[in-house]
Amino acid sequence: MAKALSEILAEDVRAALTAVLGDAARDADPLIRPSDHADFQANGVLPLAKAVKGNPRELAIRVAAALVPAAAQPGSADAGSPAVSTSGVIAAVEVAGPGFLNLTLADAALAGQVAERLGDARLGVSPSTIGQTTVIDYSQPNIAKEMHVGHLRSTVIGDALVRLLEFDGRTVVRQNHLGDWGTQFGMLIQYLVEHPEARPAQAEHSGEVAISWLTALYRDARAEFEADGGFADRARKRVVTLQGGDEESLAAWEEMVAESKRYFEDVYGRLDVRLVDADAVGESFYNPYLADIAADLEQRGIAVRSDGALCVFFDGVKGPDGEPVPLIVQKSDGGFGYAATDLAAIRHRVGTLKADQILYVVDSRQALHFRMVFETARRAGYLPDGVEAVHVQFGSVLGTDGKPFKTRAGQTVRLIELLDGAVDHAVATVAEKNPDLDAEQARAEARVVGIGAVKYADLSTSRTKDYIFDLDRMVSLTGNTSVYLQYAHARIHSILRKLPVGTEPRVHADLALEPAERRLALQLDELGATLATVVAEFEPHRLTTYLYSLAQTFSDFYENCPVVKAPSAEVRENRAALVRLTGDTLKLGLELLGISAPDQL
RNA sequence: GCCCUCGUAGCUCAGGGGAUAGAGCACCCGCCUCCUAAGCGGGGGGUCGUUGGUUCGAAUCCAACCGGGGGCACCA
C-alpha cells in the first residue's frame with residue numbers, strides 16, 4: 001500500500017533531526033503540515049530547539065542542509081552537515097520565520113504517488129484494524145410510530161460509520177435496537193382486538209400504508225384510553241397478558257412489528273442505507289435476560305434497593321435536590337426499564353457477538369444514561385477492559401428558528417414527507433438542467449441528488465453540535481452540497497468519455513507539473529490520513545470537508561488544465577491519470593458516506 | 001444547584017498548538033464560438049463570547065466568568 005507523502009516526509013525530517021541532534025530527536029514529532037508557503041512545512045524544529053536550548057533558526061538551517069544535498073541549497077552549503085539517507089522526495093527546503101522548514105516535493109514524487117494509487121482498488125489506503133469487531137447500534141425507530149428527523153441523524157451517521165469502519169478492515173455488526181416493548185403496547189393491542197376493522201383493507205400494501213394505519217391506531221387508541229376508563233383498565237390488563245405470553249396478544253403484537261418493519265424497510269430503501277430486517281434486534285429480545293441481570297447485580301452488591309427500586313449509584317451524579325440519582329435496573333413495581341435492556345444488550349454484544357468496540361449512535365441527551373450504563377457494565381465485568389464502548393452522540397435537529405424542528409402546526413416532521421420534499425425539489429432542478437430527460441429519468445436522477453443532499457447536509461456538520469435543518473438550503477444544490485461533489489464526478493466522467501481513442505490514464509513521472517496539477521496530486525494523497533481520522537474519531541464530517549476541498553481543487557484544475565485538448569499526448573495521459581484518480585477518490589469517498597455518484601448528471 | 005455541550009463574517013458552518021483565521025449562502029462586478037456555467041474568477045464583510053494563565057508561538061490547551069442548548073428515580 002502506498003505510504004502518504006506526509007508520512008514519508010515525517011520520516012525524512014526525523015532522520016535529519018536525529019542526524020543533527022542525536023538521540024534527543026529520535027522520538028520527536030517533525031509536525032509535518034500542509035502549507036501555504038510550500039507543499040508542506042515542518043514545524044517540529046522549534047520545540048526541539050527549545051528542548052536542547054539551541055537557536056531554532058540555526059538548527060533549522062543545519063536540518064535543511066542534512067535533508068537536501070548542498071548542491072540544491074546554494075545559500076547554505078555546509079560541509080559540516082552529516083549526510084542523511086532520505087527517500088529523495090524532497091526537491092527543496094527553505095528555512096522561514098523563526099525556524100519553519102518549508103518543504104517542496106519533487107514533481108516525480110507526486111507523479112509516483114498518483115501512479116501507485118491509480119492502479120489500486122483501495123486507492124492506496126490500507127485497512128488498519130483487520131480482525132476487530134465493532135457492534136454499532138443505530139437508527140432505533142419505534143414500532144407503530146413514525147420515524148422523524150432524530151432517526152434520520154442516527155440512521156445516516158450510523159450507516160456512514162458502518163461503511164467507513166468496514167473499509168478500515170473491521171467486521172461490523174449492525175444492530176437496529178427497535179423500540180418494540182413497553183406499556184403502550186397494551187393499549188394498542190387492546191384497541192386492535194376491539195376494532196379489527198382498524199387494519200387496512202388490502203393484505204398487500206406499501207410501507208407508507210402500513211405506517212399510516214399504525215399511526216391512526218396509535219392516535220385512536222390513545223384517545224379512547226384517555227376518554228374511556230373501562231378501555232384503559234382493559235389496556236392495562238392487556239400489558240400483563242402480553243407479558244405472560246398470551247397468544248392472542250402476542251399475535252397482535254407481532255402483526256404490528258411486521259407492519260412497522262415493512263415501513264422501516266421502505267424508509268431505509270429510500271434512504272439507501274444498508275439496514276435490513278436481520279439487523280433488527282428489538283428490546284424484547286433481551287426480556288429473558290433481565291431478571292438474571294437484576295439478580296446478578298443485586299447479589300454482587302453492585303445494585304442496591306432504594307425506595308423499592310433496584311439502583312446503581314455513582315459518585316457525583318446528583319439531582320437538583322442534591323440527592324444522588326441512580327441508574328434504575330428494576331422499577332419498584334418489579335418491571336424493567338431500558339437500563340436493564342441496555343445492560344443485557346452489552347452482555348450479548350460482548351459475549352455472543354464478540355465485540356471489541358460497541359458504538360451507540362444516539363442523541364446527546366442520552367449522555368448521562370450511557371455514562372451510567374457503561375460504568376455499571378464495567379463494574380459488573382460485562383464490559384471488560386479490552387472492549388471499548390462509545391456513545392457516538394449527536395446534537396439535536398433544530399428548525400431555522402433555532403428551536404426543535406417541527407412543522408408549522410407544531411408536529412414532528414414525518415421522515416417520508418421530508419425525503420419526498422427533498423426529491424421533489426431536486427426534480428425541478430434536474431428537469432431545468434436537463435430538459436431532454438423524460439419524467440421517469442428525471443425522477444430517478446432527482447432521487448440520487450435529493451437524498452444525497454439530505455445525507456450530506458447531516459454528515460457535513462460536526463456531529464456533536466445541534467444542527468439547523470433547512471431543507472431549502474440543502475436542496476438549493478449550489479455551493480457546499482453533495483451535488484457539487486456529484487457534479488465534479490460527472491464532469492470527470494465526461495472528460496474520460498471524450499478522450500481520443502487509445503488514450504489511457506497513464507502517469508509520466510518525468511513531466512513538470514503545473515501548479516493546479518501539483519495541488520490536485522497533493523490533495524489526492526491525503527485520502528488515507530483523512531479516513532484514519534474519520535474512523536478514529538467517528539467524524540464523517542472530516543471526510544465531507546476533504547471531498548469538498550478536493551472537488552474545489554479539481555474545479556481549479558478543470559479551468560486551467562485542458563485534458564482532451566492537452567498540448568501533447570504525454571500531458572493528456574498524465575492529466576487523464578489525475579482526472580481518473582480524482583474521480584475514483586470522489587466516488588469512493590461518497591460511497592463511504594452512503595451517497596451515490598452517477599457518471600452522468 | 002450539579003453535570004454535559006456549544007459561542008468563529010449578516011446567515012449556516014469548517015479550522016482543536018504554528019506564519020496574513022477559511023468555505024458556502026446572501027450582496028456587488030466579471031466569465032459559456034473552449035472537456036457539463038449544478039461551474040469559475042474578483043470585491044466588500046471578523047475585538048474567533050469576556051478576562052486571566054500556560055507557551056518561543058493560542059481561535060485552538062487550562063481556569064474563572066458571561067450567554068445559548070440539554071440532562072439530572074422508577075417514560076423509553
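These figures come from a predicted structure and were not determined experimentally. Below, chain A is the first sequence line, B the second, and so on; all start at residue 1.
- Looking only at distances, a side-chain donor or acceptor of A:H391 sits under 3.5 Å from a matching main-chain atom of A:D363.
- The environment of A:R57 atom CZ is dense: over 12 non-hydrogen atoms of other residues, nucleotides or ligands sit within 6.0 angstrom.
- Candidate nucleotides B:rA38, B:rA19, B:rA14 were compared by shortest atom distance to the side chain of A:S462, and B:rA14 ranks first.
- Across all strands, A:N434 comes closer than 4.0 Å to base atoms (heavy-atom distances).
- The separation between A:N480 atom CG and B:rA26 atom P is 13 Å, rounded to whole Å.
- Applying the 4.0 Å criterion to OP1 and OP2 of B:rG15, one finds that A:H541 has a side-chain N or O inside that range.
- Proximity of A:S555 to the phosphate of B:rC40: a side-chain N or O atom is located under 4.0 Å from OP1 or OP2.
- For B:rG16, the glycosidic angle deviates from 0 by 90° or less, giving a syn base.
- Looking at heavy-atom distances under 4.0 Å, A:P47 makes contact with a base.
- Side-chain atoms of A:Y484 lie closest to B:rC40 of the nucleotides B:rC56, B:rC40, B:rA38.
- Of the charged side-chain nitrogens involved, none lies within less than 4.0 Å of a carboxylate oxygen, so that A:E58 and A:R62 do not count as a salt-bridged pair.
- Between A:W181 and A:W253, the two ring planes are perpendicular [angle over 60°; tilted spans 30° to 60°].
- Comparing the same atom, C1', in B:rG39 and in B:rC32 gives a spacing of 10 Å after rounding to whole Å.
- Here B:rA37 sits opposite no nucleotide as a Watson-Crick or G-U wobble pair (both hydrogen-bonding atom distances under 3.5 Å).
- Atom C1' of nucleotide B:rC13 and atom OH of A:Y456 are separated by 11 Å, given to the nearest angstrom.
- At the heavy-atom level, A:E445 lies under 4.0 Å from base atoms of the strands shown.
- The separation of B:rU5 from B:rC62, taken at their P atoms, amounts to 11 Å, rounded to a whole angstrom.
- Distances shown here put every side-chain N or O of A:Y558 at or beyond 4.0 Å from the OP1 or OP2 atom of B:rA38.
- The CD1 atom of A:I468 sits 13 Å away from the P atom of B:rG7 (whole-angstrom rounding).
- Crowding of A:D27 atom CG: a count of heavy atoms from other residues, nucleotides or ligands under 6.0 Å not exceeding 12.
- Counting to the nearest Å, the C1' atom of B:rU33 and the NZ atom of A:K565 are 10 Å from each other.
- With hydrogens and angles disregarded, a donor-acceptor distance shorter than 3.5 Å links the side chain of A:Y546 to the backbone of A:Q523.
- The separation between A:R491 atom CZ and B:rC32 atom P is 16 Å, rounded to whole Å.
- Relative to the six-membered ring of A:Y558, A:R491 meets both conditions, a distance below 6.0 Å and an angle of at most 45° to the axis.
- As judged by a 4.0 angstrom heavy-atom cut-off over every strand, A:A488 is placed among residues making no nucleic acid contact.
- Nucleotide B:rC32 carries a syn base; the chi torsion (O4'-C1'-N9-C4 or O4'-C1'-N1-C2) is within 90° of 0.
- Rounded to a whole Å, the CG atom of A:D315 is 17 Å from the P atom of B:rC2.
- The partner of B:rG1, taking Watson-Crick or G-U wobble pairs whose two distances both stay under 3.5 Å, is B:rC72.
- Atom C1' of nucleotide B:rC25 and atom CG of A:L477 are separated by 13 Å, given to the nearest angstrom.
- Comparing B:rU51 with B:rA14, their P atoms are spaced 24 Å from each other, to the whole Å.
- Relative orientation of the A:H151 and A:H148 rings is tilted, given thresholds of 30° and 60° on the angle between their planes.
- RNA chain B is contacted by both A:A367 and A:S35; A:A367 maps to the nucleotide lying nearer its 5′ end (nearest heavy atom per residue).
- When the side-chain nitrogen and oxygen atoms of A:T461 are compared with OP1 and OP2 of B:rA14, one or more of them lie within a distance under 4.0 Å.
- Using a 4.0 Å heavy-atom cutoff across all strands shown, A:D29 reaches no nucleic acid atom at all.
- Under the Watson-Crick or G-U wobble criterion, with both distances below 3.5 Å, B:rG46 is left unpaired in every strand shown.
- Rounded to the nearest Å, the gap between the P atom of B:rU12 and that of B:rG52 is 29 Å.
- The gap from the C1' atom of B:rA73 to that of B:rG15 amounts to 42 Å, rounded to the nearest Å.
- Counting to the nearest Å, the C1' atom of B:rC56 and the CG atom of A:L48 are 14 Å from each other.
- Remark: the backbone N or O of A:A42 is not paired with any side-chain donor or acceptor of A:R33 at under 3.5 angstrom.
- Taking only side-chain atoms of A:H37, from C-beta outward, the nucleotide of B:rA38, B:rA37, B:rU20 with the closest atom is B:rU20.
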Q | Protein-to-nucleotide contact annotation, 5' to 3' order, nucleotides 69-76 of chain B [B base; S sugar-phosphate only; - none; under 4.0 Å, heavy atom] | A | SSSBBB-B

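- Across all strands shown, A:L601 has heavy atoms under 4.0 Å from base atoms, whether or not it also approaches the sugar-phosphate.
- Distances shorter than 4.0 Å separate some side-chain N or O of A:K465 from OP1 or OP2 on B:rA14.
- The pairing partner recorded for B:rG52 is B:rC62, the criterion being a Watson-Crick or G-U wobble arrangement whose two distances lie under 3.5 angstrom.
- Between the base of B:rA19 and the side chain of A:Q41 there is a donor-acceptor pair shorter than 3.5 Å.
- A parallel orientation is assigned to the rings of A:Y338 and A:H369, their planes being inclined by less than 30° (bins at 30° and 60°).
- Between B:rG67 and B:rC27, the distance separating the two C1' atoms is 30 Å to the nearest Å.
- With P as the reference atom, B:rC75 and B:rG49 are 42 Å apart, rounded to whole Å.
- As judged by a 4.0 angstrom heavy-atom cut-off over every strand, A:Q600 is placed among the base-contacting residues.
- Taking atom C1' in both B:rA38 and B:rU50, one finds a spacing of 43 Å when rounded to whole Å.
- Pair check for B:rA23 finds B:rU12; Watson-Crick or G-U wobble, both atom distances under 3.5 Å.
- Ring geometry for A:Y360 versus A:F374: interplanar angle of 30 to 60°, hence tilted.
- Comparing A:R542 and A:I495 along RNA chain B, the residue whose closest nucleotide (by nearest heavy atom) sits nearer the 5' end is A:R542.
- With a cut-off of 3.5 Å on both Watson-Crick or G-U wobble distances, the partner of B:rG17 is given as none.
- The side chain of A:L46 sits closest to B:rG18 out of B:rA38, B:rG18, B:rG15.
- Remark: A:K433 is in phosphate contact with B:rA38, judged by side-chain N or O atoms under 4.0 Å from OP1 or OP2.
- Taking the six-membered ring where the residue is Trp, the centroids of A:H177 and A:Y138 are separated by 6.0 Å or more.
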